[in-house]
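Start at 1 and go down the list; that is how both ligands and their atoms are numbered.
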Amino acid sequence: MQNINKIINGKMYADSLLREILPLSSNYSDKFLRNPCLAVILVGEDPASKIYVKNKLLTAERNNIKSIEIKLLKETTEEHLLNEISKLNKDTNVDGILVQLPLPVHISEKLVIQSIDPLKDVDGFHPTNFGALFMGDPNFIPCTPLGCFYMLKKELKNLDGKNAVIIGRSNIVGKPMASLLLSSNCTVTITHSKTKNLREHCRNADILISAIGRPEIIDETYIKPNAIVIDVGINRLDLNNIKTNEKKYKLVGDVRFEKVINIAQKITPVPGGVGPMTIACLMHNTVKAAYMNKNEDFVNIIEGFS
Ligand code: GUN
């Protein structure tokens, strides 16, 4: 197979999902005389977080979703942030609430996540939603693993009996990803920074999901021939020119794309792989929250879930 055919085009999948979501959000506006509404809170000035939030707001606007951006200084107190969330919880015109992570160290992420109304928790991080996912009865599923899962279902259709190996055990990606794959009958291994013989585990993977956050550390020696590789890492490599003082950077994944593509059956690129799918899934969850807010049925458009 030519290498170009091995690329899993996340941008294309995201556009196709958004094409299904747009009529749902337009019908919502016709029926309820307002657009679905997403509130995004950004605390501080983290450059990567600023870009992610900007892309989320832009995509919302393009898909008939109203967005409210709340920017708070990095010195903001936990109490102030919790108070903002409480106001959004009470506002019946706000359907989804997202607090961009990571938060400054003086604010407890756990407290913040627990303070979001589970019915507005479009990130799916609240213990109620997280627990429901693990019990096989999900409501809001975290956007990044949901996006990875969507692409895997489109590529493979049937995941029964596949060996899936996840690198990374975070609540944002690794753990919910494991739950999704398990519910689709994969045999799942979660590996992490203390895992012994990481390479051997990975070489056993029919599906390899990497969410480590270290640039290009997974090379071809970690890959089983014909594996499907999903690269969740978005790492900034600084390419600053000391002579001209020009500041530049390049985005790379956890996986050494040019090498791994020769061995894998399919692979997601960075950028243009998991990133656009994460945002499309956020739009999906927001429109779903809006329908639920009005006690209306929402026909889940992501395969495998009702
Ligand atoms: N930071 C990195 N990924 C995410 C995400 O999916 N949601 C939020 N809220 N913050 C993040």
among protein heavy atoms, the one nearest atom 11 (C) of ligand 1 is Q100 NE2, 3.5 Å
Among all protein heavy atoms, pick the one closest to atom 3 (N) of ligand 1 and tell me residue, atom and distance.
I172 CG2, 4.1 Å
Determine, for K266 against E155, whether the closest basic-nitrogen to carboxylate-oxygen distance falls under 4.0 angstrom.
yes
Between L101 and ligand 1, find which residue part has any heavy-atom pair under 4.0 Å and reply side chain, backbone, both or neither.
both
Taking 4.0 angstrom as the limit, do K87 and E84 come out as a salt bridge?
yes
Could you check atom 6 (O) of ligand 1 against the protein and tell me its nearest heavy-atom contact, residue, atom and distance included?
D123 OD1, 3.7 Å
Within a radius of less than 6.0 Å around CD of E69, do more than 12 heavy atoms belonging to other residues, nucleotides or ligands occur?
yes
Ring pair (Phe, Tyr, Trp, His ring centres under 6.0 Å) pairs touching residues 28-72, sequence neighbours excluded, are Y28-F32, Y28-Y291
Near L98, which atoms of ligand 1 are under 4.0 Å from a heavy atom of that residue?
9 (N)
Salt-bridged, E296 to K31, with N to O below 4.0 Å?
yes
What do we get for V99 next to ligand 1 when only non-hydrogen atoms under 4.0 Å count, side chain, backbone, both or neither?
backbone
Answer with side chain, backbone, both or neither: which part of F125 has a heavy atom less than 4.0 angstrom from an atom of ligand 1?
side chain
Can a salt bridge be assigned to the pair D206 and K224 using a cut-off of 4.0 Å between side-chain N and carboxylate O?
yes
